[in-house]
Number of protein chains: 2
Amino acid sequence: MLSVDRLRVLHAIAAHGSLSAASQALHVTNSAVSQQLAKLEREVGQPLVERNGRGVRLTDAAELLVEHTSRILSLVHRAEADLEAHRGDVTGHLRLSATPTAVRGLLPAALPALREAHPGLRVELQEEEPHESIPAMVNGDADLAMVVDWMGSPLTLPQGMTRASVMEDVGDIALPAEHPLAHRELLELDEILDLPWISWTKGSICDDWLHGIIRGRGAEPTVVHNVEEHQTKLALVAAGIGAAVMPRLGRGPLPEGVRVVPVQPALVRQVYVFWRSEASRRPAIRAVVRALREAAGTYTDGPGPG
Amino acid sequence: MLSVDRLRVLHAIAAHGSLSAASQALHVTNSAVSQQLAKLEREVGQPLVERNGRGVRLTDAAELLVEHTSRILSLVHRAEADLEAHRGDVTGHLRLSATPTAVRGLLPAALPALREAHPGLRVELQEEEPHESIPAMVNGDADLAMVVDWMGSPLTLPQGMTRASVMEDVGDIALPAEHPLAHRELLELDEILDLPWISWTKGSICDDWLHGIIRGRGAEPTVVHNVEEHQTKLALVAAGIGAAVMPRLGRGPLPEGVRVVPVQPALVRQVYVFWRSEASRRPAIRAVVRALREAAGTYTDGPGPG
DNA sequence: TGAGCATGTAAGCAACTCTAATATCCACCT
DNA sequence: AGGTGGATATTAGAGTTGCTTACATGCTCA
């Protein structure tokens, strides 16, 4: 009988494209992967990889096996989830990969509530950008990911993932207090296209999105700075250097000299979580999703833009 | 991640009803099974068996796991079969469980042909009655079984098996040469209901079937002897002690003083093979089935009742 | 209450799988 | 051409796992 452990190694090689990438994903040395692969080849009596330049290429037989292995591993995960669901109580260890603003905005409320309700559950948090969360989920390095989707630039999730919405977040415009628009109740998007912008890190999806919004209105954005931290952005705005988009979620107190004003049409982003579909019945997943939604509820029930 | 090897142990316990039966089926000591089970229980964090008198009873959680494990193991077998099919050549090791008359009638032709056509294939033959073949197939101790079904008393195969017909065999009536009916060309079934019968071993499906046929005509069979070997039956017939049903398949030469006469309606039995459905694509299975059918073809093309 | 059968435990041994170090291979660059 | 970096392959040895043997425990039936 084929060893499922060895099949898992082959599966990782296929998923990551090379022995060394697979060995990293499996947290073993390349030697271990190479040996397991060689043993599997001996067992099935046919070659599974061909050396191809500096790397390897899977043979047809290997592709066949990988396809079956996906189904097998999926069933094993399903069995684990069903078992946990049968047990019913929320315990164990769940690895959460979450985007920074969502961490700041929701987890200070959600984590203590979870700790209170389910003392047996250990949530391990990894703060990551969405483009890091997705491979982490694929590789099995995380069990649940919380990401944001700016309107108009949706993330595409890999197959076999299930998503659930947590909340809608809205971005307002942060302006220097002395700016003529800073004391308006509501701005029109077309009014602010020509402002000098302080954007997110270059190449981040948030930066791309800002460009997309403004170009969609037929203008070219003037980005004067690209920074990562919200507090840095606010400091630059306070210094009168430019305007910035400020999500309400996880915003924190505003420094002197900065005002935020809503804009119309609203700059909406979706905060949502996703997990491997096989894990849908895990009570731990359900509990964390519920806690995040509750935290989102108390958040949006609270003060509006300030 | 759950270990599939351990799940297999649990599956065997469920299939055989006790740790010790499982250990026999898996060809390990009961200690090994006990240890693997204990480890699995630790891994899943819930009890899987409850001591119940001298044996054990599976918990709900265990039943759940066993259900998933069946699917998982089935997929693994499927993967192996597909892999062999992809390779295409007929090699390896196939365990055939076959009913004695079929062995005698078909395998002397089929095995040399297989050996000729596929030198890489090793067929391991186990001569068994159908009621032994079925559990052997379920336990995975055999890969292919050849059995017979007397008309009117069909075997019921376990789920997940695929069957293929090999041939129809016909039973004639063996009579002492001096018997008044012995020189007829054809007998009517109703003419022979009252003969003294030499039947198969008491309780065998063949014996049951003989009773069924005669009772179905409203008579009560007179069984004067129950024997296992065909040659013994023929010797008793030659001694004038009674009549016997003699299948044509694997009949061999008749002793002096015995004549066989066909009967109408014919006493038909189906010879067929079955295998686990996951193995349907195994070239080895296909090759053996083909060889058996060819052997059956040359057989029925040959001399009729003699 | 003891015989018989079944599960559970402990110690030792064999097999397996990993790591570390090293060798080999190949594309790409100069 | 020759060197370099990125990748796979090979070896020996260490650590872990899982099996067996032997014995202990628990339960039912007579």
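All heavy atoms count here, side chains included; hydrogens, waters and symmetry mates do not. Quick note on labels: first sequence line is chain A, next is B, and so on, each numbered from 1.
- A donor-acceptor contact shorter than 3.5 Å is absent between the side chain of B:Glu278 and the backbone of B:Ala81.
- In this structure, A:Asn30 places its CG atom 15 Å from P of C:dT22, rounding to the nearest Å.
- If you measure from atom CG of B:Asp5 to atom C1' of C:dA15, you get 14 Å, rounded to the nearest angstrom.
- Rounding to whole angstrom units, CG of residue A:Asn52 and C1' of D:dT8 are separated by 12 Å.
- At a threshold of 4.5 Å between non-hydrogen side-chain atoms, the residues B:His93 and B:Arg95 count as touching.
- The CG-P distance, from B:Leu37 to C:dT9, rounds to 11 Å in whole Å.
- Note: CD (A:Gln24) to P (C:dT19) measures 13 Å, nearest angstrom.
- Between the NZ atom of B:Lys39 and the C1' atom of C:dT9 there is a distance of 14 Å, rounded to whole Å.
- Across residues 6-18 of chain A, A:Ser18 each have a non-hydrogen atom less than 4.0 Å from an atom of DNA chain D (numbered order).
- A donor-acceptor contact shorter than 3.5 Å is absent between the side chain of A:Gln36 and the backbone of A:Asp5.
- In terms of polar N and O atoms assigned as donor or acceptor, the side chain of A:Ser31 comes within less than 3.5 Å of the base of D:dT10 in a complementary pairing.
- Listed pair B:Ser20 / C:dT7 meets the phosphate criterion, a side-chain N or O lying under 4.0 Å from OP1 or OP2.
- If you measure from atom CG of B:Leu58 to atom P of C:dA6, you get 16 Å, rounded to the nearest angstrom.
- Summarising the geometry, the separation between CZ on B:Arg51 and C1' on D:dC27 is reported as 7 Å, rounded to the nearest angstrom.
- For B:Gln35 against D:dT20, a side-chain N or O and a base N or O form a donor-acceptor pair under 3.5 Å.
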